[in-house]
Each structure stands twice: as C-alpha cells, then as structure tokens.
Amino acid sequence: MFDSDVHDAFAHLNSAQHDAVAFGDGPLLILAGAGTGKTTTLAARVARLVADGVDPQRILLLTFTRRAAGEMLSRARRMVAATGAPASTGKVMGGTFHAIANRLLRRYADRIGLATDFGLLDAADAADLIDLVRDDLEVAKGTSRFPRKATLASIYGRVVNSRVPLKATLESQYPWCAEHTEAIGRVFTGYGQRKRARNLLDYDDLLLFWKVLAEAEGIGDELGGSFDHVLVDEYQDTNALQAEIVAALRRTNDNVTVVGDDAQAVYGFRAASVRNILDFPQTFPGTRIVRLEQSYRSTQPILDTANALVAEMAQTKDNPEFRKSLFSDRLDGPQPRLHTCHDEDDQSARVCDAVLDRREQGTPLVQQAVLFRTSHHADLLELELSRRNIPYVKYGGLKFLEAAHVKDLVALLRLLDNPDDELAWFRILQRLEGIGPGRARVLMEAIGVGEGGVAVAQLGDRVVEAAVHLPAAAERAVVGLAVALGDTAAIDEVAGQVQRLREWYGPVCAQTFEDPIPRMADLQQLEVLAEQSTSRTRFLDDLVLDPPASTGDLAGPPLLDEDYLILSTIHSAKGLEWDTVHLLHAADGMIPSDMSTGDPDEVEEERRLLYVALTRPRHELDVYVPLRYYHQRFGSGDRHSFGQVSRFLQGPVRDTMARVGPRDAERDVPVLAGTAADRVDALLDELW
DNA sequence: GTCGACGAGGTTTTT
DNA sequence: CCTCGTCGAC
Ligand SMILES: Nc1ncnc2c1ncn2[C@@H]1O[C@H](COP(=O)(O)OP(=O)(O)OP(=O)(O)O)[C@@H](O)[C@H]1O
C-alpha cells in the first residue's frame with residue numbers, strides 16, 4: 001500500500017497506530033491514554049494523506065492551545081518531509097481554532113456581511129470595553145459592589161462558550177454576582193452592540209463568526225469543500241462551539257479525524273466538554289474507533305502511578321469496563337518519588353539540587369521540566385534558580401502584554417492601524433498631562449473617533465485642531481502626540497514604528513511611573529518582537545492570537561543556544577514530554593487548587609490535571625509537597641500552616657511511589673540555620 | 001476635570 | 001503585589 005520511503009517513515013508504528021494511519025475516508029476517532037502516540041499517529045496520518053496525493057493545503061489541522069498546535073504542526077510537517085514529499089509541497093494548514101478563525105475571517109468575512117478589517121480584542125481589551133459600557137450605563141453606582149471588569153469578561157466568555165444562560169451561569173459559577181444578574185445582562189448587551197458598531201471581535205466572536213461562516217449557505221459549503229480532511233488534536237478540550245464548527249465544516253464530506261483522551265480533559269473552566277469526544281461516534285455515524293494502550297513515553301513505574309490515579313477518577317469508577325491501563329515495554333526505571341519538604345524553601349532547594357545532579361549525570365536542562373498548577377507557584381523557585389545562576393524559561397502566566405506601559409505602546413500602534421479604535425485613544429489620551437477621562441472623551445468626539453471618517457493622513461491635523469481649547473500644557477502634549485503619530489505613519493517597518501513611538505513615550509513613561517527604566521527596556525523587547533512581523537496588522541493580530549508565551553520568547557535568540565530548564569504550568573505542558581519532571585506543590589489546596597474544591601466536577605478536573613502532570617516524564621518523576629506554608633514571610637515569628645499531601649496522592653496512588661521525607665528529622669534546625677546563614681552571606685557577598 | 005494619596009480587596013488554568 | 005474606588009486639593 002505504501003511506497004518504500006513512506007513505508008520506512010511508518011515502520012515504527014504499532015498495528016493500532018498503523019490502522020489509524022492507513023484508515024481511508026470517513027470519520028475516525030482515536031481515543032487513548034497519555035503517551036500512546038496520539039499526536040504521532042495524527043502526524044503520520046497527515047503524511048500518509050499527502051503521500052497518497054492529497055494537497056497539504058486541503059488538509060486542516062486544529063487544536064485548542066497554542067503550544068499543542070505548535071507541536072502538532074511541526075511533527076506533521078516533519079513527517080510529511082520524511083515521507084519524501086518534494087520540497088515544493090505546500091504547507092499543511094493548521095493552528096489553534098482561534099488563529100484559523102482569524103485567518104479565514106480575514107479572507108471571507110465579507111461574505112457574511114462583516115468587514116474583513118475587523119479589530120481583535122484580547123482579554124484585557126474586552127475587559128476595558130466592558131468597563132466603558134459599565135461606566136456609561138452607570139450600573140455600578142448601587143449599594144453593593146459590582147463585579148470587576150475582569151470578572152465580567154470571564155463571565156461573558158463562560159456564558160458564550162457554554163451557551164448556559166447568564167442567570168444559570170451566575171448561580172452556579174459566580175453566586176456572589178447573582179444579585180446583579182439583570183444589570184450584568186444589560187452591560188453584556190451594550191458590550192455586544194459596541195463591538196458590532198466598532199467592528200471589533202473578541203476571542204469568542206472569532207469562533208462564533210467562524211461557525212456562522214461555516215454554516216452559511218454558499219460560502220459555508222465552499223469553505224468546507226476547500227478541505228478534504230479535517231483533523232483535530234486534544235479534542236477532549238473543545239467546547240460546544242468548536243464541535244459545531246467541526247460539524248459545519250464536514251457537511252459535504254465526513255473526512256474528519258479527532259484525537260484525544262477523556263482522562264486529560266482540563267479546560268472545563270472554559271466550557272470544554274468531554275461529551276464532544278465521547279459523543280463523536282453519534283455525531284458522525286460510521287465512526288471508526290481506534291484505541292491505543294501502549295505508552296511509548298513513560299517507563300512502567302511511572303505508568304503504575306498514573307494508572308493508579310486513573311483508577312480513582314469518577315469517570316473510571318462509573319464505567320469500570322472502559323478502564324484503560326497503560327503499559328510500556330520499558331519495565332525498568334526509577335520509581336516515582338514523593339518528597340515531603342520542610343517548607344517551600346526546602347522544596348526549591350531540593351529541586352535545584354536535583355536538577356543540577358541530573359545535569360551532571362547527563363540529562364541536559366532542556367530535558368527537565370518543573371511543572372506547577374499556577375504560575376505563581378514557581379515564584380520562590382525562580383528566586384532560587386536565579387540565585388544559583390541556573391538558566392530557565394517559564395511558560396504560562398506571562399504578564400508582559402498586561403503591563404500598563406506595553407499596553408500603551410500597543411495602543412499607539414493600534415490607533416495608527418485603525419483611527420476609530422476608541423479603546424486605544426481613550427487609553428493614550430489619558431497618559432497626557434492634564435487629560436483625564438473627561439477631556440479624553442471631548443477630544444475623541446472632536447477628532448471623530450468611531451465615526452469611521454478619520455484617515456490616518458489627516459489624523460495629525462484633526463488631533464491638533466481638537467486640542468485648541470485645552471490648557472496650554474495639555475495642548476502641547478496633544479500636539480507632541482500628533483507629531484509622533486505623523487512621523488510614525490511615514491515609517492514602513494513595524495519595528496521602526498515601535499522605535500519612533502518609544503522615543504515619544506520615554507518622557508511620558510518617566511512621568512507616569514516610578515520605575516521607567518525597566519519599563520522602557522520592555523518596550524525595547526517589544527521592538528525586537530516586532531522585527532519578526534511583516535506588517536503592523538499582522539503584528540497586532542499576533543499580539544492577540546499568539547502573544548509571547550514564555551520568558552524565552554522575549555529573551556531572543558542568544559538564549560536559545562544555551563541549555564535552560566523548563567518551567568511550565570501543567571496546562572501549558574499538555575502534549576509535551578521531558579526526561580525528568582519535577583512537580584511542585586502537590587499539596588491539598590494547591591492541587592486541587594482550593595479555588596476548585598467547590599463542586600465534584602471541578603475536583604475531578606484537578607485530578608485529571610494531576611494525571612497530565614504525572615504522564616509528562618519519560619524516565620523520572622519527582623513530586624514535592626512542602627509541609628509548611630508561611631503566611632507572612634517577613635512578619636514576626638514563624639506563623640505557618642501545615643501542608644497536607646494532595647488528596648489525590650493518598651492510598652493506592654501513594655503506594656506506587658517511593659517516599660522521601662524531610663532531609664533528616666534532626667537536621668530540621670540546622671537546615672533553617674543554614675538557609676539563614678546563606679542569606680546573610682549572600683547579602684554580604686554583594687558588598688565585597 | 002485632573003491628580004495624588006490612601007485604603008481595601010482579591011488572588012487559576014487559555015484563547 | 002497590583003487594581004479599584006474614594007476623597008480632598010487645585
Ligand atoms: N510506535 C511508536 N514507537 C516508538 N515510539 C513511539 C511510537 N508512537 C509514539 N512514540 C513516541 O512516544 C512519545 C509520545 O507520543 P505522543 O506525544 O504522540 O503521545 P500522545 O498520545 O499524543 O501523548 P499525550 O496524550 O500526552 O498528548 C513520543 O516521544 C513519540 O515519539
């Protein structure tokens with residue numbers, strides 16, 4: 001069936017994987033546990049399709065997270081190349097649902113009556129716009145406090161994604177906001193109108209409009225017809241909307257492959273539903289189901305722990321006959337270790353020691369990862385890593401674009417790109433001396449923001465005219481802005497534009513913030529980022545859809561040559577693997593997060609999250625539990641609470657692990673004295 | 001209307 | 001820690 005190159009490329013696949021790769025047309029579901037080669041099989045299937053003559057551009061690869069999308073695409077493209085596809089072969093089309101939605105809408109939106117030059121809103125923009133509406137409606141004036149803008153934005157996203165009406169969503173997920181149901185509803189209506197009037201799309205709109213596009217008469221069929229095959233990785237993390245998009249894309253043919261693991265569903269909080277993958281055979285009658293059980297990633301001792309955890313999942317207990325046990329050929333290897341640490345500092349110290357030790361033994365830092373539930377769980381470790389000069393790159397929880405000064409510069413670029421962008425104007429004008437919300441509104445009115453009539457060329461004049469009635473200092477500031485915008489508009493390269501705007505922003509920054517120097521350095525990094533973009537619109541789109549995700553994205557190429565440790569949230573580690581994994585804070589209240597212990601479904605999701613973490617390593621797994629958490633680190637005394645080993649790591653799961661206690665009971669005091677002495681020494685060292 | 005000072009409060013995970 | 005709202009001075 002395959003020619004020889006192709007055969008070689010697929011030679012290592014096992015027979016179930018092979019079946020999935022060779023499977024012809026029609027719906028295919030690969031339902032399998034962690035590390036069984038789901039993504040590998042998906043990539044091989046793409047390569048097989050291309051080898052059989054399918055045009056790569058007529059294959060669409062989708063997944064939810066950016067990191068999984070990157071992994072999926074690069075593996076698929078490598079596989080296609082390995083099967084001996086000529087270099088002229090086009091690239092497979094693929095990415096996150098949101099990125100593809102953007103790409104398709106930029107091309108076809110006019111077919112459903114939407115202008116193709118829509119602006120994109122990221123989460124913070126959406127929150128800001130909601131805030132504007134909230135102010136206008138004077139809804140927050142009441143007696144009891146109204147939800148904050150970020151909370152409103154997350155409620156909005158949840159309602160739209162799950163399609164559970166506002167009232168029910170508030171009652172179940174945000175009970176403390178339920179008393180404002182009516183007012184929140186009005187804010188959301190206003191937010192929707194505002195977006196439509198200004199031609200703005202938020203993340204959810206991208207999916208909603210894609211769905212409408214895909215379901216539309218005419219263009220919908222055309223669009224679906226332009227893809228011979230649609231393949232979706234991590235399908236358990238899709239929500240109702242995404243499943244509807246997939247279904248709509250497959251009205252004309254049912255060549256659709258979805259891949260996933262219901263035990264790894266960890267995006268329930270944004271309304272992803274495992275029903276999508278479990279009900280897939282009903283949605284697509286005639287579905288061929290392939291199950292994979294052999295793990296090629298982890299050793300058997302690690303799988304024993306993972307299997308014990310799966311056995312305790314509610315979904316397994318409800319359907320014991322579906323219980324999947326993973327197995328490996330690699331029977332040997334260290335037993336996973338459960339380390340109880342004296343406190344968080346002890347945890348950090350042990351992780352650093354272990355990481356360096358493994359490196360001595362030949363495992364480079366990039367093959368080691370430290371995973372954690374939430375970004376700030378790594379704070380103390382980051383301090384210790386810096387102190388010991390261990391380079392690292394952290395994924396998840398990066399706040400680069402949320403920083404006020406970065407948002408300011410982005411706003412400047414945006415209003416050049418779209419002079420009708422009221423959010424950008426409102427933000428920037430208020431940075432000028434003597435201008436607050438009131439005058440900003442008046443100025444915007446005078447400039448004609450939002451009326452669709454401002455051309456970038458006449459922008460400068462309009463702005464200057466609008467400023468004549470202001471106090472002298474404010475007028476001067478506005479004129480300065482107009483000049484900078486005029487200069488910038490004449491520059492071709494985005495990076496050059498950032499540079500010019502940065503020049504103007506310097507004094508504003510110095511006036512606005514106590515610490516302008518590091519902030520201006522961030523803007524230098526933004527300029528480096530801009531160098532990779534071909535156009536301003538592309539750059540602005542990327543900042544919303546593919547923003548820097550790691551400290552490494554910002555550090556630039558020099559760092560990439562070096563060896564560095566990986567730090568990542570568990571969510572961002574989905575689908576990836578390392579030789580050694582260290583899991584921090586496996587304490588109750590951390591995993592499960594004490595914000596998620598409210599209802600049983602949330603607790604189950606936390607258990608699945610732990611499963612994702614435990615199934616990342618190839619050889620070695622170390623899990624850490626600090627026994628003490630200090631509340632006020634610099635306060636008086638040693639006020640602390642005791643950490644408990646996570647409820648998920650009790651009983652049978654725990655029995656599969658080797659237990660490593662606090663270093664020695666009797667060293668408790670010396671250890672404390674030691675760290676104190678280290679700190680004093682470190683302080684003094686800086687003086688010599 | 002603007003701006004600085006002050007104090008209270010909230011605080012995941014991703015697109 | 002950062003953000004949000006309030007209050008008084010200009
Ligand atoms: N048949 C095979 N022979 C040898 N190695 C394999 C085989 N199939 C997959 N692998 C290897 O197993 C590892 C895990 O594969 P992959 O990442 O595709 O698993 P996955 O099921 O997608 O995992 P996850 O559930 O974590 O997303 C990879 O290193 C891959 O190269």
Side-chain angles (χ1 to χ4, degrees), chain A residues 62-69 95-102 120-128 131 134-135 140-141 145-151 153-154 157-158 160-161 176 201-207 210 234 237-239 241-242 265-272 371-377 379 395-399 401-404 429-443 470-471 473-474 511-514 541-547 549 568-574 585 589-597 602 605-606 608-610 612-613 633:
Chain A
L62 293 168
T63 192
F64 171 57
T65 65
R66 294 188 287 136
R67 226 165 155 204
T96 63
F97 276 91
H98 291 85
I100 298 298
N102 181 54
L120 293 177
L121 300 174
D122 68 15
D125 301 326
D128 286 344
D131 208 36
R134 197 185 70 156
D135 282 352
K141 290 270 197 264
R145 50 184 210 290
F146 203 71
R148 326 167 29 149
K149 62 180 180 181
T151 311
S154 72
R158 194 170 181 110
V160 172
N161 280 290
W176 64 95
L201 301 188
D202 60 25
Y203 288 125
D204 303 322
D205 290 328
L206 282 171
L207 299 184
W210 187 9
E234 307 281 9
D237 288 328
T238 56
N239 61 29
L241 199 45
Q242 290 159 327
V266 293
Y267 284 99
F269 70 90
R270 60 165 294 290
L371 305 183
F372 32 84
R373 168 72 241 257
T374 69
S375 186
H376 70 258
H377 283 173
D379 289 352
Y395 290 84
L398 193 67
K399 289 187 307 199
L401 289 174
E402 264 91 279
L429 290 172
Q430 289 183 84
R431 285 282 176 252
L432 305 179
E433 203 184 332
I435 298 179
R439 282 179 192 149
R441 277 180 217 274
V442 172
L443 275 167
L470 294 176
Q511 218 208 344
T512 314
F513 304 105
E514 304 252 311
D541 277 5
D542 280 352
L543 287 178
V544 174
L545 295 172
D546 195 21
S568 176
T569 59
I570 301 173
H571 283 91
S572 292
K574 265 299 258 327
H585 292 292
M590 301 293 171
I591 311 177
S593 160
D594 50 18
M595 327 214 58
S596 302
T597 47
E602 284 176 322
E605 179 150 317
E606 299 280 311
R608 293 191 294 267
L609 203 51
L610 178 62
V612 170
R633 292 189 59 74

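The figures that follow rest on heavy atoms only: side chains count, while hydrogens, waters and symmetry mates do not. Note on naming: letters A, B, ... go to the chains in the order of the sequence lines (proteins, then strands), and numbering restarts at 1 for each one.
Between the CZ atom of A:Arg431 and the C1' atom of B:dT2 there is a distance of 14 Å, given to the nearest Å. C:dC2 atom C1' lies 14 Å from atom CD of A:Glu514, rounded to whole Å. Per the geometry, CD belonging to A:Gln511 stands 13 Å off C1' belonging to B:dG4, to the nearest Å.
Every residue two or more places apart in sequence or in another chain that forms a ring-ring contact (aromatic ring centres under 6.0 Å, His included) with A:Tyr203 is listed here: A:His98. The salt bridge (Lys or Arg N to Asp or Glu O under 4.0 Å) search around A:Glu605 returns A:Arg608, not counting sequence neighbours. Taking A:Ala473 as the reference, A:Glu433, A:Arg476 meet the side chain to side chain contact (heavy atoms under 4.5 Å, CB included) condition, with sequence neighbours excluded. Considering only residues two or more places apart in sequence or on other chains, A:Arg439 meets the salt bridge (Lys or Arg N to Asp or Glu O under 4.0 Å) condition with none of them. The ring-ring contact (aromatic ring centres under 6.0 Å, His included) search around A:Phe64 returns A:Tyr267, not counting sequence neighbours. Residues that satisfy the side-chain hydrogen bond (donor to acceptor under 3.5 Å, both in side chains) test with A:His585, not counting sequence neighbours, are A:Gln347, A:Tyr629. The side chain to side chain contact (heavy atoms under 4.5 Å, CB included) test applied to A:Asp131 returns A:Arg134, A:Lys149, not counting sequence neighbours.
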Identify all pairs in which a protein N or O lies below 3.5 Å from an N or O of nucleotides 6-10 of chain C, and state each distance.
none

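When all heavy atoms of A:Phe269 and A:Arg158 are compared, the pair lying nearest together is O-NH1, 2.8 Å.
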Using a 4.0 Å heavy-atom cut-off to protein, can you give one letter per nucleotide of nucleotides 9-15 of chain B, 5' to 3': B if the base is in contact, S if only the sugar-phosphate is, - if neither? -SSBBBB
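Note on A:Leu206: nothing from the nucleic acid sits closer than 4.0 angstrom, heavy atoms only.
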